[in-house]
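Structure first, commentary second.
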Amino acid sequence: MAINIMIVEDDEGLSRGVALSLARPEYRFFECATLAQARQAFAQHAISLVLLDVGLPDGSGLTLCRELRAASDVPILFLTANDAEYDEVAGFAAGGDDYITKPFRLTALRARVENALRRAHGGGAALYRFGDVWLDFGRLQFSKGGRPLALSPSEQRLLRLLLDRRGETVTRDALRGAAWDGGAFVDDNTLTAAMRRLRAKIGDDPKNPRFLRTVYGEGYCFYG
Ligand code: CA
């Protein structure tokens, strides 16, 4: 089933860039440059997520947000351009909507979009992507570069925890506990060895990892 994502943004280059960087086979994008186009697209298609600029040629994104909120629980992620917009949106978004400040890193945007979709769809979406790796924890299907990727149950749990907390340091204790049922009987070297194997499986460079980074004395952090 397609997941319809509406991008309401009058900066055409940014809108394209966002769509390209989020692209996944199951996503369909509706790019709208005005509130009028967005209202029409929203009325005609079952939209699963809205990325919403604030300053638009025919009005404010906040107006559209209010209208959509009155009719739907669709997740709305604001794209704010400056501090003034940020303040306005931050107050407004307290009701559950999310926001990200321009210029944003596209990897950060992707994580926010995936989180919002997961939250909205009750965790069933359990799909993750980084580099050429795809992980579907719902169906237990994993691939790298289009080929099946074999992950043991403890490796799956380690990756899932790190991915759910992308950008944060996850402690060694938390990782041991999640991967090995409490982790009390698992020594630290087992975790180190498991992380080394995981890096090799996802194709990360052990000397200069792009995704799975060691935070010395603390744990690991997933980037990407
Ligand atoms: Ca704008």
Side-chain angles (χ1 to χ4, degrees), residues 2-24 26-43 45-130 162-170 221-224:
I3 294 173
N4 294 331
I5 297 179
M6 182 163 89
I7 304 173
V8 190
E9 169 62 69
D10 58 327
D11 177 337
E12 202 183 322
L14 181 62
S15 177
R16 277 288 60 215
V18 165
L20 287 172
S21 73
L22 291 176
R24 269 161 61 151
E26 67 270 37
Y27 289 171
R28 268 201 307 177
F29 295 96
F30 296 85
E31 293 180 48
C32 306
T34 61
L35 294 179
Q37 285 174 19
R39 287 186 185 111
Q40 193 177 5
F42 196 82
H45 306 280
I47 301 291
S48 303
L49 178 96
V50 180
L51 298 173
L52 183 55
D53 183 22
V54 178
L56 290 155
D58 54 347
S60 164
L62 294 168
T63 307
L64 181 67
C65 182
R66 255 179 232 115
E67 289 170 23
L68 299 183
R69 268 291 151 271
S72 142
D73 288 330
V74 67
I76 297 174
L77 205 161
F78 284 104
L79 311 170
T80 66
N82 55 46
D83 286 351
E85 281 186 10
Y86 172 85
D87 285 345
E88 200 180 354
V89 168
F92 194 78
D97 297 304
D98 200 359
Y99 54 90
I100 189 163
T101 308
K102 299 174 196 173
F104 42 77
R105 288 176 44 212
L106 290 167
T107 50
L109 178 68
R110 198 163 68 214
R112 303 287 271 280
V113 164
E114 288 172 4
N115 282 342
L117 286 171
R118 258 197 301 284
R119 274 201 306 274
H121 302 288
L127 285 165
Y128 300 80
R129 185 190 80 173
F130 54 90
L162 286 156
L163 285 162
D164 279 339
R165 292 171 56 183
R166 270 181 222 217
E168 289 173 43
T169 299
V170 184
C221 178
F222 195 93
Y223 285 85

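Model, not experiment: these values are computed from the prediction.
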At what distance, to the nearest 0.5 angstrom, does [atom1] of [X] lie from [atom2] of [Y]?
| X | Y | atom1 | atom2 | value |
| --- | --- | --- | --- | --- |
| Ile3 | Leu22 | CD1 | CG | 11.5 Å |
| Leu62 | Leu56 | CG | CG | 10.0 Å |
| Phe42 | Asn4 | CZ | CG | 10.5 Å |
| Leu162 | Phe130 | CG | CZ | 9.5 Å |
| Thr107 | Arg166 | OG1 | CZ | 8.5 Å |
| Leu163 | Glu114 | CG | CD | 9.0 Å |

Under 3.5 Å: donor-acceptor pair, side chain of Asp58, backbone of Thr34: no

Salt bridge (charged side-chain N to carboxylate O under 4.0 Å, His left out) partners of Arg129, counting only residues at least two apart: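 Residues passing salt bridge (charged side-chain N to carboxylate O under 4.0 Å, His left out) with Arg129: none at all.
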
Pairing residues for Arg110 by the salt bridge (charged side-chain N to carboxylate O under 4.0 Å, His left out) criterion, not counting sequence neighbours: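 Partners of Arg110 under the salt bridge (charged side-chain N to carboxylate O under 4.0 Å, His left out) test: none.
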
What I'd like to find out is whether the side chain of [X] reaches to under 4.5 Å of the side chain of [Y], using heavy atoms alone.
| X | Y | answer |
| --- | --- | --- |
| Phe104 | Thr80 | no |
| Leu68 | Val50 | yes |
| Leu79 | Val54 | no |

Grab the two heavy atoms, one from [X] and one from [Y], that are nearest each other, plus how far apart they are.
| X | Y | value |
| --- | --- | --- |
| Leu106 | Ser21 | CD2-OG, 3.4 Å |
| Leu64 | Ala38 | CD2-CB, 3.7 Å |
| Ile7 | Ser15 | CG2-OG, 3.7 Å |
| Gly61 | Leu52 | O-CD2, 3.2 Å |
| Cys32 | Met6 | SG-CG, 4.0 Å |
| Asp10 | Gly55 | OD1-O, 3.4 Å |

Check against side-chain contact (heavy atoms from CB on, under 4.5 Å), Ile100 and Leu77: CA-CA 7 Å; Ile100 189 163; Leu77 205 161; 3.5 Å; yes

Flag if over 12 foreign heavy atoms under 6.0 Å of CZ, Arg105: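 Not more than 12 within 6.0 Å, no.
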
Partner set under ring pair (Phe, Tyr, Trp, His ring centres under 6.0 Å) for Phe29, not counting sequence neighbours: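 None.
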
Lys102/Leu14 under side-chain contact (heavy atoms from CB on, under 4.5 Å): CA gap, chis, key distance, verdict: CA-CA 10 Å; Lys102 299 174 196 173; Leu14 181 62; 3.8 Å; yes

Evaluation steps, side-chain contact (heavy atoms from CB on, under 4.5 Å), between Glu31 and Glu9: CA-CA 7 Å; Glu31 293 180 48; Glu9 169 62 69; over 6 Å; no

From Ile76, Val113, Val8, Asp98, residue fulfilling side-chain contact (heavy atoms from CB on, under 4.5 Å) relative to Leu51: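 Of the listed residues Ile76, Val113, Val8, Asp98, the side-chain contact (heavy atoms from CB on, under 4.5 Å) partner of Leu51 is Val113.
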
